[in-house]
Amino acid sequence: GPYRKDGPDMLVGFAEGWRVSWDCARGLTTPEIFEDNVKAWSGDHCIDPKVVPGILLSNMKLNDEDPNLMDLAPTTLELFGIRPPAHMVGKSLLKDAS
């Protein structure tokens, strides 16, 4: 769609045991390149795709046997009763979606 140019040029993934620093996660920078993490993480979104491949789990019937990542946004909007904009790539995966 028209917002494709606003997407990132690169997404950084992390190997097991490696993460960005607390300051980096908040948009800050420090002089250190590598530092020990002395704080416990309460959550983690840095998953190695070889360990956790992209899988869509749903407790609802879907209208596609092979859903695409691009279908998640239109499906989510549909769940909230919002019609996806015409320029949005992907389709709703809901059985009763038109």
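With sequence neighbours excluded, the residues that form a ring-ring contact (aromatic ring centres under 6.0 Å, His included) with Tyr3 are His87. Residues that satisfy the side chain to side chain contact (heavy atoms under 4.5 Å, CB included) test with Pro84, not counting sequence neighbours, are Pro74, Leu77, Glu78, Met88.
Using a 4.5 Å heavy-atom threshold, the side chains of Leu94 and Asn63 count as separate.
Note on residues 64-77: pairs passing salt bridge (charged side-chain N to carboxylate O under 4.0 Å, His left out), not counting sequence neighbours, are Asp64-Lys91, Asp71-Lys91.
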